[in-house]
Amino acid sequence: MTSEHTTEYTTECPTTEIPPLVRGMTYEEMPKGQIFRTARRTITETDLVNFITWGGFNEPLFWDASHAADGGYTGRLVPGALTYCIAEGLVLQTNVLHGTGLAFLHMELTVRGPVYVGDTLYAVVETTGSRPSSKPGRGVVTSRITVRNQRDEDVLVYTPVRLIRGRDYEAGTRR
């Protein structure tokens, strides 16, 4: 892979000189108003059982389909916590934060509608704020992440606040 805009590297180069294939965005590259969509993922029965077993969600609403039906639900109900985890995984799979995310600082979350086994989810990510932090080389980015199902219905919305590296971030220094 050579061109006038690339540098040739060899396997003998120190690892620190070889650039990563994927690099997340700095906070400066996340302006207010930026919007993107993630890939889609279908929730399976295995996802539900693994999550509620691992997390101790021993609520009949998630284990017992007839109990959920008595509550007016029309399928195998998925906990909002699992919906959030799937959405956050979809965001991370875009590599937007790959190597640039420093901390998850805060979040507000609202469940807008039920999610069932068999639903296919995706997330729409909108940057709602981006500013330098009080320490150099990093910034605070706020976003609104809307999780939608296969019918484009909003099922969950959360607003994470993250600490993100800046262009001039210096690794290895505690600030």
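We count residues from 1, following the sequence as given. The structure presented is a predicted model; accordingly, all values stated were derived computationally and were not measured.
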Using atom types as modelled, flag every donor-acceptor pair under 3.5 Å from a side chain in residues 52-60 to any protein atom, sequence neighbours excluded.
unit_1: Thr53; atom_1: OG1; unit_2: Val49; atom_2: O; d: 2.7

Report all side-chain donor-acceptor pairs from residues 91-103 shorter than 3.5 Å, counting only partners two or more places apart or in another chain.
unit_1: Thr94; atom_1: OG1; unit_2: Val91; atom_2: O; d: 2.6
unit_1: Thr94; atom_1: OG1; unit_2: Val96; atom_2: N; d: 3.3
unit_1: Thr100; atom_1: OG1; unit_2: Met25; atom_2: O; d: 2.8

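With a 4.5 Å cut-off on side-chain heavy atoms, Arg167 and Glu29 count as touching. At least one side-chain heavy atom of Arg148 sits less than 4.5 Å from a side-chain heavy atom of Asp154. Side-chain contact between Pro79 and Leu48 is present, with at least one heavy-atom pair separated by less than 4.5 Å. Val147 is not listed as a side-chain neighbour of Val157, based on a closest heavy-atom distance of 4.5 Å or more.
Residue pairs satisfying the salt bridge (charged side-chain N to carboxylate O under 4.0 Å, His left out) criterion with at least one member in residues 115-134, sequence neighbours excluded, are absent. A side chain to side chain donor-acceptor pair (under 3.5 Å) check over residues 157-166, counting only residues at least two apart or in different chains, returns the pairs Glu88-Tyr158, Glu88-Arg162.
In this structure, CG on Leu121 lies 10.0 Å from CZ on Arg40, to the nearest 0.5 angstrom. Taking CG from Leu77 and CG from Leu61, the interatomic distance works out to 5.0 Å, rounded to the nearest 0.5 Å. For the atom pair OG1 of Thr146 and CG of Asp152, the computed distance is 12.0 Å after rounding to the nearest 0.5 Å. The distance from atom OG1 of Thr142 to atom CE of Met107, rounded to the nearest 0.5 Å, is 13.5 Å.
Judged as a salt bridge (Lys or Arg N to Asp or Glu O under 4.0 Å), and not counting sequence neighbours, Asp64 has no contacts. Partners of Thr42 according to the side chain to side chain donor-acceptor pair (under 3.5 Å) rule, which considers only residues two or more places apart in sequence or in another chain, are Thr120.
Of all the heavy atoms in Tyr27 and Ser130, the pair that sits closest is O-OG, 2.9 Å. Closest of all the heavy-atom pairs between Ser143 and Val125 is CB-CG1, 4.3 Å. For the pair Ala39 and Tyr122, the tightest heavy-atom approach, listed with the atom from each and the gap, is O-CB, 3.5 Å. Nearest heavy-atom pair, Ala68 versus Gly75, reported as atom, atom and distance to 0.1 Å: CB-O, 4.4 Å. Shortest non-hydrogen contact noted between Gln34 and Met30 is OE1-CA, 3.2 Å. Heavy-atom minimum distance, Gly80 versus Val111: CA-CG2, 4.4 Å.
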Given Thr74 and Tyr116, is the side chain to side chain contact (heavy atoms under 4.5 Å, CB included) satisfied, shown in steps?
CA-CA 8 Å; Thr74 59; Tyr116 300 102; 3.6 Å; yes
